[in-house]
There are 2 protein chains.
Amino acid sequence: MPNSSETQLDRREAIRQLLQKRPAATQRSLVDALVERGFVATQSSVSRDLREIGAIKNAGGYALPGAAAAGDEELAQVADLLVDLKAAGPNLLVIRTETGAAQRVALALDRCQWPEIVGNVGGDDTVFTATSGAAAQRNLITRIGRATSRHW
Amino acid sequence: MPNSSETQLDRREAIRQLLQKRPAATQRSLVDALVERGFVATQSSVSRDLREIGAIKNAGGYALPGAAAAGDEELAQVADLLVDLKAAGPNLLVIRTETGAAQRVALALDRCQWPEIVGNVGGDDTVFTATSGAAAQRNLITRIGRATSRHW
DNA sequence: AATGATTCCGCATAAATATGCGCATATATC
DNA sequence: GATATATGCGCATATTTATGCGGAATCATT
């Protein structure tokens, strides 16, 4: 078995596709997802695959190399679209944006995969960002400030 | 203890600085490095710190968010400077570059933090890249091809 | 087709990481 | 200053990830 088997290449490609759709929390979950797609592999193989693929692990789970920092960068790019930022209780951050930009901002926040962010919804000029608690919220504000090079 | 303690902030800043210098292989090694700098903390705390900092883990260890994908991108930017690429045994890859560009290329390869790369040295127009074995070397060539959008 | 060289991958397990819990401590409110 | 509330962090441990080893499979050479 001197050469990379067809199966191996296919499986890795499948993993790449899975990760592109959404980050994987654990290797185990990837194993399960692979099974659904008709691949049989153990956690061991997935561990090795991830290393070869060059995947990284951040707070959001395993992701492809590009996707990781992409979030921060993407957020930086929409920094100008942010208008205001204020907390509504310890679990909700309300972000005002230029009209029509909320979706983009929400998407960028999603991709950051920051641990403080539980989830986002973007309307027209407002984004609601759910946070896990007061500390997380404070942190998040700092982090947004850093990423956008602005102070709030 | 409602607020982040001074110690915690300092410690996290120290971790950031450490990671900026070089990636950390394990959390344990970070604990040790912190001790040298006068911080006392357990692996548990470092685990939580890394999450808060937003650090990511790739094949090279823990790194700051930006630094991760930066390598691949940096390599893509110097793609034009590559002239030739050939293996010398299973553990050495010899990369010819434009005159004077070898250092930059070697640096970019370093930052990729790819598992196949054991180490790099850049001369004037030649880079020596040590690989862990034949398979790794083949992989590396593929990967360089992908990153530089060229075939070798 | 036998031999050898190489790679894949599962198993078992070592190694590393994440987390529930509880105490200590800090802040807020009264 | 007493009480209530919230946070930091260590300990112990559950969970997750990495890896040494060996058997099976593939290919090259003779």
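Naming: A, B, ... by sequence-line order, numbering from 1 per chain. Keep in mind that this is a model prediction, so the values were computed, not measured.
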Taking atom [atom2] of [N] as reference, at what distance in whole Å does atom [atom1] of [X] sit?
| X | N | atom1 | atom2 | answer |
| --- | --- | --- | --- | --- |
| B:Asn91 | C:dT6 | CG | C1' | 15 Å |
| B:Leu30 | C:dA18 | CG | P | 12 Å |
| B:Arg138 | C:dC8 | CZ | C1' | 12 Å |
| A:Gln27 | C:dA18 | CD | P | 12 Å |
| A:Arg28 | D:dA18 | CZ | P | 16 Å |
| A:Leu50 | C:dA16 | CG | P | 19 Å |
| A:Arg12 | C:dT7 | CZ | P | 13 Å |
| A:Tyr62 | D:dT16 | OH | P | 10 Å |

Looking at the side chain of A:Lys57, which of C:dT7, D:dT7, D:dT17 is the nearest nucleotide?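 Comparing C:dT7, D:dT7, D:dT17 against the side chain of A:Lys57, the answer is D:dT17.
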Judged by each residue's nearest nucleotide on DNA chain D, which is more toward the 5′ side, A:Ala25 or B:Asp49?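 Residue closer to the 5' terminus by nearest nucleotide: B:Asp49.
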side-chain hydrogen bond (donor to acceptor under 3.5 Å, both in side chains) for A:Thr129 and A:Asn120? Distances and angles first, verdict last. CA-CA 5 Å; A:Thr129 298; A:Asn120 296 292; 2.8 Å; yes
Using atom types as modelled and distance alone, determine if a side-chain donor or acceptor of [X] lies under 3.5 Å from a backbone N or O of [Y].
| X | Y | value |
| --- | --- | --- |
| A:Thr126 | A:Gly123 | no |
| B:Asp125 | B:Glu98 | no |
| B:Arg16 | B:Ile53 | no |
| B:Gln103 | B:Gly122 | yes |
| B:Arg150 | B:Leu82 | yes |
| A:Asp110 | A:Gln113 | no |

Taking only the side-chain nitrogens and oxygens of A:Arg51, find out if one of them lies under 4.0 Å from OP1 or OP2 of D:dT19.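 It does, given that an N or O in the side chain of A:Arg51 lies less than 4.0 Å from OP1 or OP2 of D:dT19.
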Output yes when at least one side-chain N/O atom of A:Gln8 is less than 4.0 Å from OP1 or OP2 of C:dC8, else no.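 Affirmative; the distance criterion is met.
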Quick check for you: to the nearest 0.5 Å, what is the distance between B:Lys21 atom NZ and B:Leu19 atom CG?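 So the NZ of B:Lys21 and the CG of B:Leu19 are separated by 11.5 Å.
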Which angle, rounded to 10°, do you find between the first-five-pair axis and the last-five-pair axis of the helix from C:dA1-D:dT30 to C:dC30-D:dG1?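 For the helix from C:dA1-D:dT30 to C:dC30-D:dG1, the axes at either end differ by 40°.
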Applying side-chain contact (heavy atoms from CB on, under 4.5 Å) to A:Leu18 and A:Leu34, what does each step give before you reach the verdict? CA-CA 9 Å; A:Leu18 285 167; A:Leu34 283 173; 4.1 Å; yes
Pairwise N/O distances under 3.5 Å, protein to nucleotides 10-13 of chain C:
unit_1: C:dG10; atom_1: OP2; unit_2: A:Thr42; atom_2: N; d: 3.3
unit_1: C:dG10; atom_1: OP2; unit_2: A:Thr42; atom_2: OG1; d: 2.5
unit_1: C:dG10; atom_1: OP2; unit_2: A:Ser45; atom_2: OG; d: 2.6
unit_1: C:dG10; atom_1: N7; unit_2: A:Arg48; atom_2: NH2; d: 3.0
unit_1: C:dG10; atom_1: O6; unit_2: A:Arg48; atom_2: NH2; d: 3.1
unit_1: C:dC11; atom_1: N4; unit_2: A:Ser44; atom_2: OG; d: 3.2
unit_1: C:dA12; atom_1: N6; unit_2: A:Ser44; atom_2: OG; d: 3.4

